[in-house]
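Note that the structure is a prediction, hence the values are computed from the model and not measured. Residues: numbered from 1 along the sequence shown.
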Amino acid sequence: MYFIFAGSKQHVMTDMFLSAKRPFYQSSQMVLLPLIDRQEYQAFANRWMAKKGLSVDDEVFGYLYDCVDGQTWYVQDILNRLYQNGRPITREEVKVVIDELVDEQEVAFINYYESLTDNQSALLTAIACEGKVASVMSQEFLAKYRLPAASSVSLALKTLVSREFVYRYGEAYIVYDRFFGMWLRKKLA
C-alpha cells in the first residue's frame, strides 16, 4: 500500500518527516515537485478556458505566471476568477483580477501586519518591495530600507520565518504569501 502526503507548505512537510520529534520521522521518501512548466500550464489553462470561448496568449500567461512565481495555488486562483468573469483575458484584466483577489484579503493582511513588531514589519515590507532578497544582512539592503542593525534584522528574520511570513526560496528570501507581498508593495511601500 502506498500513501502520498502532499502540501504547499514545504517546511511543514519537511518537519513532519525529517524531525526526530515527529511520529512520521524517516518513514517516507521525500520528493520535491518542481514548478509546472509554463507552456504545459498555459496549454492546460487554454483547454479549460476554451469551454467558455476564452484563451490566454503567451505574453499574458507569462505575465500571470511570473507575478506569482509559477506557484500553482495562485495561478489557479487567478485563472479561476478570469474564467468566472468571462471577459477577454488581457494583461490589464489579469492585473484587475489580481487586485481584486488581494483586496478581498485586506482584513487578514492588516491583522497579519499589525501583529508584527516595528522591526519585523519594516523587514517584511522591504523584502516584499524587493520581491526576492538574497542577502538580507547586506549593508546595501539595510541602508536602502533604513533597517536597524544587522543583529535586530537577524532576529526579525528568524521570527518572520518561524511565523511563516517569509521563507527561503532558492537562494533568496521572499514573502511566503504572494498576495500578501503584493498588498505590502501596494499599500505600504
Ignoring hydrogens and angles, tell me if any N or O in the side chain of Y74 forms a donor-acceptor pair with the backbone of R178 under 3.5 Å.
-> yes

Here the gap from L160 atom CG to L116 atom CG, rounded to the nearest 0.5 Å, amounts to 6.0 Å

* To do: Keeping the roles fixed (side chain from Q71, backbone from V68), state whether a donor-acceptor pair exists under 3.5 Å.
  => no

Taking the six-membered ring of Y169 as reference, does the cationic atom of K132 (NZ for Lys, CZ for Arg) lie under 6.0 Å from its centre and within 45° of its axis? no

Contacts of K144 meeting side chain to side chain contact (heavy atoms under 4.5 Å, CB included) (sequence neighbours excluded), chain-then-number -> E130

Y112 meets the ring pair (Phe, Tyr, Trp, His ring centres under 6.0 Å) criterion, sequence neighbours left out, with F165, F180

**Study point:** ILVMFWY network linking L54 to L79, side-chain heavy atoms under 4.5 angstrom
**Key:** yes

Do Y145 and F141 have ring centres separated by under 6.0 Å?
-> yes

Practice problem: Test side chain to side chain contact (heavy atoms under 4.5 Å, CB included) on K186 and D99 and set out the steps. | Solution: CA-CA 10 Å; K186 185 169 118 177; D99 284 344; 4.0 Å; yes

**Asked** Is the backbone of V56 close enough, under 3.5 Å, to the side chain of Q42 for a donor and an acceptor to pair up by distance?
**Response** yes

Distance col, row I78:CD1 vs E100:CD, nearest 0.5 angstrom, shows 11.5 Å

Determine, using the 4.5 Å side-chain heavy-atom cutoff (strictly less than), whether W73 and W183 are members of one ILVMFWY cluster.
-> yes

For Q139, the side chain to side chain contact (heavy atoms under 4.5 Å, CB included) test, sequence neighbours excluded, returns L142

